[in-house]
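As a basis for the values below, the full set of heavy atoms in this structure was taken, side chains included, without hydrogen atoms, waters or symmetry mates. When a ligand or atom number is given, it counts from 1 through the structure's own listing order.
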Amino acid sequence: MDRSNPRTTIGVFDSGMGGLTVLKSLLELVPNANYLYFGDTARLPYGSKSAETVAKYALGATDFLEKQGANLLVIACNTATALAFVQIAQAAHVPVVGVVEPGAEHAASASKKRKVVVIGTEATVNSHAYRKALEARGVQAREKACPLFVPLVEEGWAEHSVTEQVARIYLDEAFSDGFESADVLVLGCTHYPLIKSVLDRMTMPGVEIVDSAESTAQVVAEKLRTGKSAPETDNRTPAVGAPTLKFFATDSVEKFRKLGAKFLGRPIDFVQHVDLKE
Ligand code: DGL
């Protein structure tokens, strides 16, 4: 990143704590920024809700982050990106990056067989956002909803034998009916990076796992480096130094602090409770 640039304030939005996997990747690639993270934990999960409901919640959250000073928005939630990206981008006054296009772009460039399997929530899969993005790049896609993964991860069972058994069933179903030869597996949900090693063990050798959290962080880093859709920056803050982090949640801040630390891979000291009126 160009250290002569003033700092950017990046607002990261998710339905809960899962989007902290995206923030974790952002902190690795874009450490020199101010971060505002909003987790809509009171209304989690988004993955089983309708497009209208998810869009309404997502617009409230993005408006909140803009009011807090975000000059770039990252929609870390795959479900919110898949169902409401267009509405969010239209309503926002700052550049918006979602997770679907970066994940699809990375998967398309990684797949030699031009066949990709995408796993995500029911809502993400039903929207076919990933399939459309991959087909637009000349890649065939099989989408598979894996609704049990989110509760398993939240239970802290990332390495549990039950998670392995569930993964075996889901992946056998996904890599079938002409998709046995798919050579890329896209993690199309914020929670799945936490079970990446289980999924890695359960897939055939030669299948590359594409984590849309990492792909999104790469896109953000590239945008800031090249100045493409560079947001207006906050000149009051110095360009160098450690990132600043502020966390907001709509449900228990204590739960967010404890569980969130697992997703983020570092302790979370303070979380501010927010009550977004409908
Ligand atoms: N953040 C959601 C996603 O990435 C998973 C959790 C939920 O269903 O809200 O799709």
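Within 6.0 Å of NZ on Lys144 lie more than 12 heavy atoms contributed by other residues, nucleotides or ligands.
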Which pairs of N or O atoms, one from ligand 1 and one from the protein, are separated by less than 3.5 Å, and what is the distance for each pair?
residue	atom	partner	partner atom	Å
ligand 1	1 (N)	Asp14	OD1	2.9
ligand 1	1 (N)	Ser15	OG	3.1
ligand 1	1 (N)	Thr190	OG1	2.9
ligand 1	4 (O)	Asn78	N	3.1
ligand 1	4 (O)	Asn78	ND2	3.4
ligand 1	4 (O)	Thr190	N	3.0
ligand 1	4 (O)	Thr190	OG1	3.2
ligand 1	8 (O)	Tyr46	N	3.4
ligand 1	8 (O)	Gly47	N	2.8
ligand 1	9 (O)	Ser15	OG	2.6
ligand 1	9 (O)	Tyr46	N	2.7
ligand 1	10 (O)	Thr79	N	3.1
ligand 1	10 (O)	Thr79	OG1	2.6

Phe263 and His191: CA distance, side-chain angles, deciding distance, side chain to side chain contact (heavy atoms under 4.5 Å, CB included) verdict: CA-CA 8 Å; Phe263 286 91; His191 288 55; 3.7 Å; yes

- Please step through side chain to side chain contact (heavy atoms under 4.5 Å, CB included) for the pair Val150 and Cys189, ending with a clear verdict. CA-CA 9 Å; Val150 167; Cys189 174; 3.9 Å; yes

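Glu214 has a carboxylate O that lies under 4.0 Å from a charged side-chain N of Lys196, or vice versa, which qualifies the two as a salt bridge. Taking the charged nitrogens against the carboxylate oxygens, Glu222 and Arg225 do have a contact shorter than 4.0 Å, which makes a salt bridge.
For Thr124 and Asn78, the side-chain atoms include no donor-acceptor pair closer than 3.5 Å.
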